[in-house]
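We use all heavy atoms of the structure for the numbers below, so side chains are in, but hydrogens, waters and symmetry mates are not.
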2 protein chains.
Amino acid sequence: MEIDTVRQQILEAAEARFSVYGYQKTTMAELAGDCTMSAANLYRYFDNKLDIGAALAKQSMLENEALLEQIVNDGMLSASEKLIAFTRKQLHYTYHYFESAPRLAELVEVITAQRPDVIAAHRHNKLTLLKQLLLAGQAAGAFTFDDVDDTSDAIHSATLLFYFPLTMSLYPLAIMEDKVVHVCQLLLKGLSPTV
Amino acid sequence: MEIDTVRQQILEAAEARFSVYGYQKTTMAELAGDCTMSAANLYRYFDNKLDIGAALAKQSMLENEALLEQIVNDGMLSASEKLIAFTRKQLHYTYHYFESAPRLAELVEVITAQRPDVIAAHRHNKLTLLKQLLLAGQAAGAFTFDDVDDTSDAIHSATLLFYFPLTMSLYPLAIMEDKVVHVCQLLLKGLSPTV
DNA sequence: ATAGTGAATATTTAATTTATTGTTCATTAT
DNA sequence: ATAATGAACAATAAATTAAATATTCACTAT
């Protein structure tokens with residue numbers, strides 16, 4: 001049996017349990033039971049419970065990044081459409097994640113506090129994708145800007161409302177959708193070459 | 001003795017205690033002692049402890065709004081400078097408030113959960129000021145936009161990072177200052193009339 | 001060697017009890 | 001009437017105890 005196969009099996013059991021009962025209420029014994037092994041044996045695959053949570057969070061963030069990458073590389077979309085789709089995708093991912101599995105908010109909380117590096121890596125990967133998007137738009141003549149790092153950072157800051165977990169409860173999804181459009185329209189005007 | 005004078009005295013005692021010890025750790029008996037009266041007598045001026053907290057929060061938000069209003073009405077500043085100053089003022093107010101009195105974050109948390117109307121009113125007042133700022137800029141020929149409500153709402157959403165209490169711990173103040181400038185520059189490009 | 005376990009131990013969490021504190025009210029002073 | 005209080009009561013929070021749970025490890029099976 002491959003070691004990574006077992007690790008993946010554990011992560012799947014963890015995702016199922018964490019989604020329904022939350023991180024804290026899930027015991028190592030339960031995860032072990034789901035994988036038909038003893039609790040002690042889990043420690044041959046992960047150092048501790050927090051590492052299981054961190055691995056799960058990392059995996060989920062990579063999935064999200066893959067979806068965003070698809071948008072950046074989509075040949076059918078204009079640069080402007082990509083920025084809106086990019087922002088809307090983040091909103092939907094974060095929103096639906098917590099709507100379908102509100103208990104997962106607890107995992108995010110724990111990881112944010114105990115493993116900030118995992119969150120920082122995700123932020124870095126998103127900024128890289130955003131830079132790609134901007135540079136492609138610039139090359140196509142759709143965008144103009146001075147500094148690509150400053151600009152991607154500014155867009156990331158300005159769209160915080162749409163991916164920050166704690167802001168998901170501020171407005172219902174329909175209102176958030178409107179806000180995505182209005183914010184992006186304003187940002188896009190700022191990016192458009194003055195005719 | 002005026003009833004409002006006593007109310008104000010109570011609020012001042014509450015501000016001093018809440019800042020240092022936090023909302024929860026401050027007892028009605030302590031507030032009463034500070035005002036040289038009995039705990040029971042406090043209830044002749046406020047219905048309950050939460051109302052004291054809400055009145056204090058409301059007062060502090062009104063102070064903040066007054067500072068923002070000064071910026072909007074400042075004859076020395078251009079429309080663009082006003083938008084940057086407006087955003088930076090929110091950052092400094094929120095940031096320093098929690099830096100100098102971190103225990104007050106607890107009060108904000110309680111009021112947000114128990115008296116969302118107080119927060120909503122503040123949001124509404126800020127949006128009104130932002131609309132004034134935008135309309136003045138439009139009249140002066142500095143800004144162009146389609147819908148003033150959509151636009152002020154978009155700017156408010158895009159600058160969330162700079163006034164949302166829970167985001168104050170994301171970055172140090174110096175970094176936040178840079179971000180204010182970069183975000184506002186991008187927004188201002190989006191507002192500027194295409195030449 | 002590699003995969004796995006049950007039992008022991010050290011942390012956390014939950015339940016229970018005790019102490020504080022928020023709130024009311026009958027009563028007193030002005 | 002208005003302002004204020006102390007004592008009573010209900011609701012919260014703190015402290016304590018008991019129970020679960022995470023983690024380790026010596027040991028077994030393959």
Problem set entry | Residue whose nearest DNA chain C nucleotide is more 5′ - B/Lys25 or A/Lys25 | A/Lys25
Exercise. Does A/Ile3 or B/Glu30 map to a spot on DNA chain C nearer the 5' end, using the closest nucleotide for each?
Worked result: A/Ile3
For this session: Would you tell me whether B/Tyr163 and B/His156 have side-chain atoms, one donor and one acceptor, within less than 3.5 Å of each other?
Result: yes
For this session: Identify, between A/Leu50 and B/Asn41, the residue whose nearest nucleotide on DNA chain D lies closer to the 5' end.
Result: B/Asn41
Nucleotide nearest [X] when distance is taken to its side chain, options [options]:
X       : options               : value
A/Lys49 : D/dA4, D/dA22, C/dG4  : D/dA22
A/Asn48 : D/dT23, D/dT5, C/dG22 : D/dT23
B/Ser38 : D/dT24, D/dT5, C/dT23 : D/dT5
A/Met28 : D/dA4, D/dT23, D/dA13 : D/dT23
B/Ala40 : C/dT23, C/dT5, C/dC25 : C/dC25
A/Gln24 : C/dT24, C/dG6, C/dT13 : C/dT13

For this session: Taking the six-membered ring of B/Phe18 (Phe, Tyr or Trp), confirm whether the NZ or CZ of B/Lys25 is under 6.0 Å from its centre and within 45° of its axis.
Result: no
For this session: Is it possible for you to check whether B/Lys179 lies under 6.0 Å from the centre of the six-membered ring of B/Tyr171, through NZ or CZ, and within 45° of that ring's axis?
Result: yes
Exercise. What nucleic acid atoms does A/Phe46 come within less than 4.0 Å of, heavy atoms only: base, sugar-phosphate, or nothing?
Worked result: nothing
For this session: For B/Thr27, report the nucleic acid contact type (base, sugar-phosphate, nothing); a contact means any heavy atom under 4.0 Å.
Result: sugar-phosphate
Exercise. To the nearest 10 degrees, how far apart in direction are the end axes of the helix from C/dA1-D/dT30 to C/dT30-D/dA1, each fit to five base pairs?
Worked result: 10°
Exercise. Does B/Tyr43 put a side-chain nitrogen or oxygen below 4.0 Å from OP1 or OP2 of D/dA4?
Worked result: no
Between [atom2] of [N] and [atom1] of [X], the distance in whole Å:
X       : N      : atom1 : atom2 : value
B/Met37 : D/dA3  : CE    : C1'   : 10 Å
B/Tyr21 : C/dT21 : OH    : P     : 14 Å
B/Leu42 : D/dT5  : CG    : P     : 9 Å
B/Tyr23 : C/dG22 : OH    : C1'   : 10 Å
B/Leu31 : C/dT20 : CG    : C1'   : 15 Å
B/Arg17 : C/dG22 : CZ    : C1'   : 16 Å
B/Arg44 : C/dA29 : CZ    : C1'   : 13 Å

Exercise. Do you reckon B/Phe164 sits in the same ILVMFWY cluster as A/Ile175, going by side-chain contacts under 4.5 Å, direct or chained?
Worked result: yes
For this session: Check for a donor-acceptor pair, side chain of B/His124 on one end and backbone N or O of B/Ala120 on the other, with a separation under 3.5 Å.
Result: no
Rounded to the nearest 0.5 Å, how far does [atom2] of [Y] lie from [atom1] of [X]?
X        : Y        : atom1 : atom2 : result
B/Asp149 : B/Leu127 : CG    : CG    : 8.5 Å
A/Ile10  : A/Arg44  : CD1   : CZ    : 10.0 Å
A/Leu68  : A/Lys89  : CG    : NZ    : 8.0 Å

